[in-house]
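Nothing fancy with the numbering, it's 1 onward along the sequence. In listed order, ligands and their atoms are each counted from 1.
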Amino acid sequence: MRVVITGGAGFIGSHLADRFLSEGHEVIVLDNLVTGNTDNIAHLAGKPGFKFIHHDVTNYIYIEGHVDAVLHFASPASPVDYLKYPIKTMKVGSLGTHKALGLAKAKGARFLLASTSEVYGDPLIHPQPETYWGNVNPIGPRSVYDEAKRFAEALTMAYHRKHGLETRIVRIFNTYGPRMRLNDGRVIPNFVPQALQGQPLTVYGDGSQTRSFCYVSDLVEGIYRLFNSDEVEPVNLGNPNEISILEFARLVNEMTGNDAGIVFKPLPKDDPRRRKPDISKAKRILGWEPVISLKEGLELTIEYFRGRIFPART
Ligand code: NAD
Ligand code: UDP
């Protein structure tokens with residue numbers, strides 16, 4: 001297959017590029033590098049079957065020749081990034097999704113949308129199944145991301161219903177691992193570098209809010225299976241192992257031997273109180289569930305950030 005990955009110079013997109021290439025497919029990455037970095041795909045430069053195009057996908061996408069798959073991963077994804085780029089975030093979720101769907105339609109390609117657990121907002125149902133419609137503040141600071149992704153899901157379903165496009169929608173829950181940008185504002189790229197540099201970890205609020213962290217290789221396996229399945233409606237992918245942010249901060253300090261402790265900072269507005277995926281659908285239709293424990297995944301991520309922060313020592 002010839003596979004187009006938008007946002008392929010970002011964290012998840014670059015791991016997907018590796019996966020599709022390793023399965024023997026051609027990969028074309030489209031990215032404007034707003035939050036991504038060519039370092040993430042530097043190891044692929046010059047490899048047969050790989051191509052990088054610097055392009056903002058909110059503008060018309062031109063690809064010569066046939067395309068079999070379009071995986072739309074372009075979008076700022078860290079709350080700090082999407083608060084910094086609120087309009088770019090809305091544009092890539094709306095106009096960018098429209099362009100990526102248009103490309104898939106023109107080429108007769110299968111389309112996969114990277115959606116998010118944020119479509120559930122600050123959820124009133126726990127854990128969150130795909131049938132839950134969510135609790136999103138439409139005008140709050142996070143709405144630029146949440147509503148853009150909800151629009152993207154609606155547009156994807158409209159292309160499926162109206163044009164018969166083959167579409168897939170993955171609702172990704174908090175995923176982490178190597179190639180996250182240092183200090184991108186998300187909890188793991190904040191905590192791990194803080195701990196490695198002997199600083200106190202910045203816990204927002206009292207740390208009683210929960211998240212469920214999925215290691216990137218597990219996520220990529222799930223996405224690969226979903227892409228190859230015939231499921232049109234959204235599928236949650238994430239690790240159901242729920243942990244409070246305070247407990248998580250203690251774990252990072254323990255694993256890195258950091259004795260600088262924790263400092264408490266204000267909780268951002270509309271920060272979801274609890275989040276945990278119900279993955280029964282993914283288990284049933286994809287035979288998928290995560291296999292990397294939080295400790296294993298964190299070890300690998302700590303090693304990655306150690307290499308970024310202290311390149312000479314590794
Ligand atoms: P990331 O910021 O590392 O990657 C996003 C990539 O998209 C970057 O390389 C960025 O430069 C690119 N991009 C943004 N706007 C663009 C545009 N207009 N044109 C071209 N490229 C553009 O983030 P990530 O964590 O890898 O997230 C990838 C996708 O997965 C996003 O769509 C995100 O919403 C979704 N997602 C991620 C998570 C997670 O936990 N990592 C959770 C839910 C959903
Ligand atoms: N968080 C924190 N300290 C940080 C960064 C984040 O306590 O330095 C909290 C944040 O308020 C949220 C959780 O960690 O409750 C996960 O935040 P992240 O930005 O990683 O993703 P979210 O799940 O909110 O999209």
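For ligand 1, the atoms closer than 4.0 angstrom to any heavy atom of Ala77 are 23 (O), 24 (P), 25 (O), 27 (O), 33 (C). Numbered from 1 in the order shown, with element, the atoms of ligand 2 that lie under 4.0 Å from a heavy atom of Arg275 read 22 (P), 23 (O), 25 (O). Against a heavy-atom cut-off of under 4.0 Å, Leu33 is close to the following atoms of ligand 1: 11 (O). Counting atoms of ligand 2 from 1 in the listed order, those under 4.0 Å from a heavy atom of Phe191 are 3 (N), 4 (C), 8 (O). The atoms of ligand 1 that sit less than 4.0 Å from any heavy atom of Gly36 are 8 (C), 9 (O), 10 (C), 11 (O). Against a heavy-atom cut-off of under 4.0 Å, Arg142 is close to the following atoms of ligand 2: 22 (P), 24 (O), 25 (O). Each of the following atoms of ligand 2 lies closer than 4.0 Å to a heavy atom of Asn174: 21 (O), 22 (P), 23 (O). Every atom of ligand 1 with a heavy atom of His55 under 4.0 Å away is listed here by number and element: 19 (N), 20 (C). Taking every heavy atom of Gln209 and a limit of under 4.0 angstrom, the matching atoms of ligand 2 come to 9 (C), 11 (O), 15 (O). Less than 4.0 angstrom separates some heavy atom of Lys149 from each of these atoms of ligand 1: 31 (C), 32 (O), 33 (C), 34 (O). Atoms of ligand 2 lying under 4.0 Å from at least one heavy atom of Pro79, given by number and element, are 19 (O), 25 (O). Close approach of ligand 2 to Glu118 is summarised as follows: ligand atoms under 4.0 Å from at least one heavy atom of the residue are 25 (O). Set against the non-hydrogen atoms of Asn174, the atoms of ligand 1 under 4.0 Å away are 40 (O). Taking a cut-off of under 4.0 Å to the non-hydrogen atoms of Gly10, the atoms of ligand 1 that pass are 3 (O), 4 (O), 8 (C), 9 (O). For ligand 2, the atoms closer than 4.0 angstrom to any heavy atom of Asn190 are 4 (C), 5 (C), 8 (O). Close approach of ligand 1 to Asp56 is summarised as follows: ligand atoms under 4.0 Å from at least one heavy atom of the residue are 17 (C), 18 (N), 19 (N).
Considering both main-chain and side-chain atoms, Arg186 never comes within under 3.5 Å of ligand 2 through any nitrogen or oxygen pair. Not one N or O of Met180 is nearer than 3.5 Å to an N or O of ligand 1, by distance alone. Residue contacts with ligand 2: Tyr82 is placed with no nitrogen or oxygen under 3.5 Å of a nitrogen or oxygen of the ligand (distance criterion only). In terms of polar-atom proximity, defined here as any N/O pair under 3.5 Å, Ser117 makes no such contact with ligand 1. Considering both main-chain and side-chain atoms, Ile245 never comes within under 3.5 Å of ligand 2 through any nitrogen or oxygen pair. Residue-to-ligand polar distances keep Pro76 apart from ligand 1: every N/O pair is separated by 3.5 Å or more. Close N/O approach between Tyr204 and ligand 2 is found [any backbone or side-chain N/O within under 3.5 Å]. At a 3.5 angstrom cut-off on N or O pairs, His72 does not count as close to ligand 1. The distance criterion of under 3.5 Å between nitrogen or oxygen atoms is met by Phe11 with respect to ligand 1. At a 3.5 angstrom cut-off on N or O pairs, Ile172 does not count as close to ligand 1.
Closest heavy-atom contact between Ala114 and Ile172: CB-CD1, 4.1 Å. Residues Gly185 and Val80 share a closest heavy-atom pair of CA-CG2, 3.7 Å.
Counted by atom type alone, Asn40 and His15 present zero donor-acceptor pairs between their side chains at under 3.5 Å. Counting only N and O atoms by type, the side chains of Asp278 and Ser280 include a donor and acceptor under 3.5 Å apart. Checked by atom type, the side-chain pair His126/Arg274 shows a donor-acceptor distance below 3.5 Å. Arg171 and Ser115 share no donor-acceptor pair across their side chains, judged by distance under 3.5 Å alone. A donor atom on one side chain and an acceptor atom on the other are found under 3.5 Å apart for Glu296 and Ser293. Between the side chains of Thr202 and Gln194, at least one donor N or O sits under 3.5 Å from an acceptor N or O. Using modelled atom types, one finds a donor on one side chain and an acceptor on the other under 3.5 Å when comparing Asp270 with Asn137. A donor-acceptor contact under 3.5 angstrom links the side chains of Tyr120 and Asn236, judged on distance only. There is no side-chain donor-acceptor pair under 3.5 Å between Ser244 and Arg211. With 3.5 Å as the limit, one finds no donor-acceptor pair spanning the side chains of Glu242 and Ser212.
Under 4.0 Å is where a charged nitrogen must lie from a carboxylate oxygen, and between Glu303 and Arg306 at least one such pair does. Between Glu299 and Lys295 there is no salt bridge, since no side-chain N of the basic residue sits under 4.0 Å from a carboxylate O of the acidic one. By the 4.0 Å N-to-carboxylate-O rule, Asp18 lies close enough to Arg179 to be salt-bridged with it. Classification of Glu231 and Arg284 as a salt-bridged pair fails, no side-chain N sitting under 4.0 Å from a carboxylate O. At a threshold of 4.0 Å, the pair Arg308-Asp39 counts as salt-bridged, since one of the basic side-chain nitrogens sits closer than that to a carboxylate oxygen.
The heavy atom nearest to atom 20 (C) of ligand 1, considering only Asn40, Asn32, Ile223, Ile12, is found in Asn32. Nearest to atom 44 (C) of ligand 1 by heavy-atom distance, out of Ala114, Gly8, Ser115, Ala74, is Ser115. In this comparison of Val34, Ile53, Val216, the heavy atom closest to atom 14 (C) of ligand 1 sits on Val34. Of all the listed residues (Arg211, Lys99, Arg186), Arg186 holds the heavy atom that lies closest to atom 41 (N) of ligand 1. Selection from Asp31, Leu237, Thr175 by nearest heavy atom to atom 12 (C) of ligand 1 gives Asp31.
The closest approach between a heavy atom of Ala9 and any atom of ligand 1 is below 4.0 Å. Ligand 1 is never approached by Tyr85 to a heavy-atom distance shorter than 4.0 Å.
Looking only at heavy atoms of the protein, atom 17 (O) of ligand 2 is closest to Val187 CB, 4.0 Å. Closest to atom 15 (O) of ligand 2 among all protein heavy atoms lies Asp271 OD1, 2.7 Å. From the protein, the heavy atom lying nearest to atom 34 (O) of ligand 1 is Tyr145 OH, 2.6 Å.
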Test side-chain hydrogen bond (donor to acceptor under 3.5 Å, both in side chains) on Asp206 and Ser208; report intermediate values, then the result.
CA-CA 6 Å; Asp206 62 5; Ser208 60; 2.7 Å; yes

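His72 and Phe111 have tilted rings, their planes meeting at an angle from 30° to 60° on a 0 to 90° scale.
The proximity of Tyr176 to ligand 1, defined as any non-hydrogen pair under 4.0 Å, does not occur for either the backbone or the side chain.
Residue pairs that meet the ring-ring contact (aromatic ring centres under 6.0 Å, His included) test with at least one member in residues 206-227, sequence neighbours left out, are Phe20-Tyr224, Phe20-Phe227, Tyr176-Tyr215, Phe213-Phe248.
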